[in-house]
Amino acid sequence: MLISGRGSNLKAILQAIEAGRLHARVEAVISSRHDAGGLQYAQRAAIDTLVLDGCDYPRREDYDHALQGLIERFKPDLVLLAGFMRILTAGFVRQFRGRLINIHPSLLPQLRGLRTHERAIEQALPMHGASVHFVTEELDSGPVFLQVRVPVLAEDDAASLAARVLQQEHRLYVQALQLLADGQLGWKDGQVLYQGQPLHEPLQINAG
Ligand code: GRF
């Protein structure tokens with residue numbers, strides 16, 4: 001699992017595993033920053049943690065090459081991004097195609113990129129949310145397979161909206177991973193399959 005900061009999604013995933021709600025194992029957590037708060041959750045769970053600092057690799061290709069090497073040591077089935085604040089090179093993405101998953105705080109394809117909560121409010125969107133998707137070369141554009149919708153309230157500011165979306169993200173990522181772990185959802189020849197059939201629209205979970 002790749003992180004850069006707070007690590008609340010990592011924490012939620014570890015809690016779900018611990019509680020038996022998610023049948024998976026986190027092999028390692030790699031952070032792009034030494035001071036990522038999320039590293040503590042992995043350390044507490046006795047999971048290997050590694051830091052690969054972007055400052056040590058001025059060239060993006062070199063960073064991603066080193067990252068690939070670290071990941072391959074653990075031979076993971078999936079590589080999860082959760083607040084990993086780096087744009088990945090196309091070469092890296094190709095190496096892990098079909099196994100690289102990200103969570104993004106918007107109803108993709110709406111609001112790709114950063115500051116999604118601020119922009120949802122600026123654009124007076126009635127509905128916001130979060131998406132889990134396979135990562136492809138283009139930023140925040142790979143096939144989305146699971147979403148949760150979160151209404152924007154009249155009294156919301158970016159912080160209150162972000163907090164409600166984040167709560168739902170934690171449920172969403174766990175459910176997305178369980179679908180993958182169960183083999184209900186998968187990737188074949190550039191297509192997302194749900195129960196063996198091509199998935200044309202993202203599945204939705206209800207905001208809990
Ligand atoms: C989440 O909002 C996630 O959707 C986005 O970055 C944030 C990471 O939060 N990609 P955390 O580090 O998991 O708390």
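Atoms within each ligand, like the ligands themselves, are counted from 1 in listed order.
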Return the residue, atom name and 0.1 Å-rounded distance of the protein heavy atom closest to atom 11 (P) of ligand 1. Ser8 N, 3.4 Å
Using a 4.5 Å cut-off on heavy atoms from C-beta on, say whether the side chain of Asp48 contacts that of Val29. no
Would the number of heavy atoms belonging to other residues, nucleotides or ligands and lying under 6.0 Å from CD of Glu122 be above 12? yes
Are Glu27 and Arg25 within salt-bridge range, i.e. N to O under 4.0 Å? yes
Heavy-atom gap Ala130 to ligand 1 smaller than 4.0 Å: no
Heavy-atom gap Ile3 to ligand 1 smaller than 4.0 Å: no
Aromatic ring proximity Phe134/Phe145, centre distance under 6.0 Å: yes
I'd like to know if Gly7 contacts ligand 1, where contact means a heavy-atom distance under 4.0 Å to any ligand atom. yes
Could you check atom 9 (O) of ligand 1 against the protein and tell me its nearest heavy-atom contact, residue, atom and distance included? Arg6 NH2, 3.0 Å
Give me the residue, atom name and distance of the protein heavy atom closest to atom 10 (N) of ligand 1. Ile103 O, 3.0 Å
Geometric N/O contact Leu166 with ligand 1, under 3.5 angstrom: no
Between His117 and His128, how do the two ring planes meet: parallel, tilted or perpendicular, split at 30° and 60°? perpendicular
Between ligand 1 and Ala82, is the shortest N or O to N or O distance under 3.5 Å? no
Those atoms of ligand 1 less than 4.0 Å from some heavy atom in Gly83: 6 (O), 8 (C), 10 (N)
Using the ring of each side chain (for Trp, its six-membered ring), is Tyr57 parallel, tilted or perpendicular to Tyr63, with breaks at 30° and 60°? perpendicular
Assess whether a salt bridge exists between Lys11 and Glu18, defined as any Lys/Arg side-chain N lying under 4.0 Å from an Asp/Glu carboxylate O. no
Counting non-hydrogen protein atoms only, what is the nearest one to atom 3 (C) of ligand 1? Give residue, atom name and distance. Glu169 OE1, 3.2 Å
